[in-house]
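Quick notes on the structure that follows.
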Amino acid sequence: MMSRRAALAQLGALTLAACDKADPRPDHSWVDQIRWRDDLRQFEGPGLLVVHSWNFANGLHGFMADGGELRHQPGVGAELISQSGDPKLRSPSGLGLSGASANLILVRLMRTSAAGPWDGALYYATDEHGESAAYMARPIETWPPETAFPVTLVYDMANLARGGDDWTSSRISQLRLDTEAAPDGAVLIAQIALAQRG
């Protein structure tokens, strides 16, 4: 039978060994370097390459709302007003974008009216599968956006909340962004961009 002193020594050794293991979580310290230039209406950052973007100041670009009403505010963005507990903003289908060429999704938005919990999940469809809870991403910053305060949500598509490396090995056909999780909330979206970070 092991003595109390020996047991404590063994526990200490195990704790030190655990501390030596690499942290399995991805390093997201670079997120603070991504900036939104309001004057140019574009994202900037070291090593950041925007592959495709939708500037909603110029129109809705075929995006549609499900469970909400989508309004265009010329020169400003797309306003999604929730009419259900699960409003969604969907891109046109058939995008044909290579997930390998864009490991980030950037969303510039402002929550103009908070009516309940914030969702913020991003789903996508590929040539092989439709929207599913098995394939989704959450923004790196998990806090809900404050009302009347513009924020940039960053989705690390190479490290999905669910789906493994499905994004980076697929051709993306459609995007879906979930916003408010209650009726009568509203969010104003300035731009959605697919970007590559080296």
Side-chain angles (χ1 to χ4, degrees), residues 18-58 61 63 73 75-80 87-89 91 95 97-114 116-124 135-170 172 175-181 185-198:
C19 291
D20 289 340
K21 292 181 181 176
D23 189 340
R25 295 170 301 179
D27 175 17
H28 288 138
S29 58
W30 46 266
V31 169
D32 292 336
Q33 297 178 336
I34 295 176
R35 298 280 182 263
W36 168 256
R37 288 281 304 271
D38 202 42
D39 55 336
L40 300 176
R41 296 192 65 84
Q42 68 183 30
F43 296 102
E44 294 181 347
L48 186 72
L49 174 66
V50 173
V51 176
H52 190 90
S53 66
W54 295 276
N55 180 3
F56 296 112
N58 300 332
H61 305 289
F63 277 71
Q73 293 191 14
V76 181
E79 184 180 30
L80 176 60
K88 309 168 186 70
L89 178 69
S91 75
L95 295 177
L97 298 168
S98 167
S101 68
N103 54 19
L104 298 178
I105 293 182
L106 311 175
V107 180
R108 182 66 176 180
L109 60 76
M110 181 173 65
R111 197 177 185 187
T112 55
S113 176
W118 174 256
D119 190 332
L122 192 143
Y123 297 83
Y124 64 95
Y135 305 101
M136 56 88 72
R138 293 273 182 196
I140 291 170
E141 296 286 3
T142 56
W143 38 256
E146 295 180 27
T147 305
F149 184 73
V151 297
T152 297
L153 303 181
V154 180
Y155 296 83
D156 183 356
M157 304 308 289
N159 293 284
L160 297 175
R162 295 181 189 168
D165 64 352
D166 180 75
W167 171 276
T168 54
S169 61
S170 299
I172 311 305
L175 301 176
R176 168 186 140 195
L177 177 65
D178 290 10
T179 57
E180 295 286 327
V187 61
L188 184 62
I189 305 164
Q191 189 171 133
I192 297 176
L194 278 71
Q196 181 73 21
R197 176 184 173 272

Ile172 side, atom CD1; His52 side, atom NE2 - distance, nearest 0.5 Å: 12.5 Å
Measure the spacing between CG of Asn103 and CD of Gln196 and express it to the nearest 0.5 Å. 4.0 Å
For Ala186 and Glu79 the tightest heavy-atom approach is CB-OE2, 4.0 Å
Of Val187, Leu177, Thr179, which meets side-chain contact (heavy atoms from CB on, under 4.5 Å) against Pro87? Thr179
Side chain to side chain, Met110 and Thr112, heavy atoms closer than 4.5 Å: yes
Parallel, tilted or perpendicular, as decided by the 30° and 60° cut-offs, for the rings of Trp167 and Tyr124: perpendicular
The residue among Leu194, Leu97, Leu89 that forms side-chain contact (heavy atoms from CB on, under 4.5 Å) with Leu175 is Leu194
Can you confirm whether more than 12 heavy atoms, excluding those of Glu44, are under 6.0 Å from its CD atom? yes
Measuring from Asp27:CG to Asn159:CG, what's the distance to the nearest 0.5 Å? 10.5 Å
Smallest heavy-atom separation, Arg138 atom then Ala121 atom, equals NH1-CB, 3.5 Å
Between Ile192 and Phe63, is any pair of side-chain heavy atoms under 4.5 Å apart? yes
Just so I know, are the side chains of Glu141 and Val154 near enough to count as touching, which here means a heavy-atom distance under 4.5 Å? no
Can you measure from CG (Leu160) to CG (Asp166) and round to the nearest 0.5 angstrom? 7.0 Å
Might you point out which heavy atoms bring His61 and Phe56 nearest each other, and give the distance in Å? CD2-CD2, 4.1 Å
Between atom CD of Gln42 and atom CG of Leu48, what is the distance when rounded to the nearest 0.5 Å? 10.0 Å
Report yes or no: do Thr152 and Arg108 form a side-chain donor-acceptor pair below 3.5 Å? yes
How long is the span from the CD1 atom in Ile34 to the CD1 atom in Ile140, to the nearest 0.5 Å? 7.0 Å
On a heavy-atom basis, which atom in Tyr155 and which in Gly120 lie closest, and how many Å separate them? OH-O, 2.6 Å
Step by step, would you call Val151 with Arg111 a side chain to side chain contact (heavy atoms under 4.5 Å, CB included)? CA-CA 9 Å; Val151 297; Arg111 197 177 185 187; over 6 Å; no
Heavy atoms, side chains only, cut-off 4.5 Å: are Trp118 and Glu180 in contact? yes
Could you check whether any side-chain heavy atom of Gln73 comes within less than 4.5 Å of a side-chain heavy atom of Leu188, counting everything from C-beta outward? yes
Considering non-hydrogen atoms only, spot the tightest contact between Ser53 and Ala193 and give its length. CB-CB, 3.8 Å
Can you name the nearest heavy-atom pair linking Gln191 to Arg41, along with the distance? NE2-O, 2.9 Å
Could you tell me whether the side chain of Thr168 and the main chain of Ala158 form a donor-acceptor pair under 3.5 Å? no
Who pairs with His28 by side-chain hydrogen bond (donor to acceptor under 3.5 Å, both in side chains), at least two apart in sequence or on another chain? Asp156
Would you say that Asp119 contacts Pro117 through its side chain, given a criterion of any heavy-atom pair below 4.5 Å between the two side chains? no
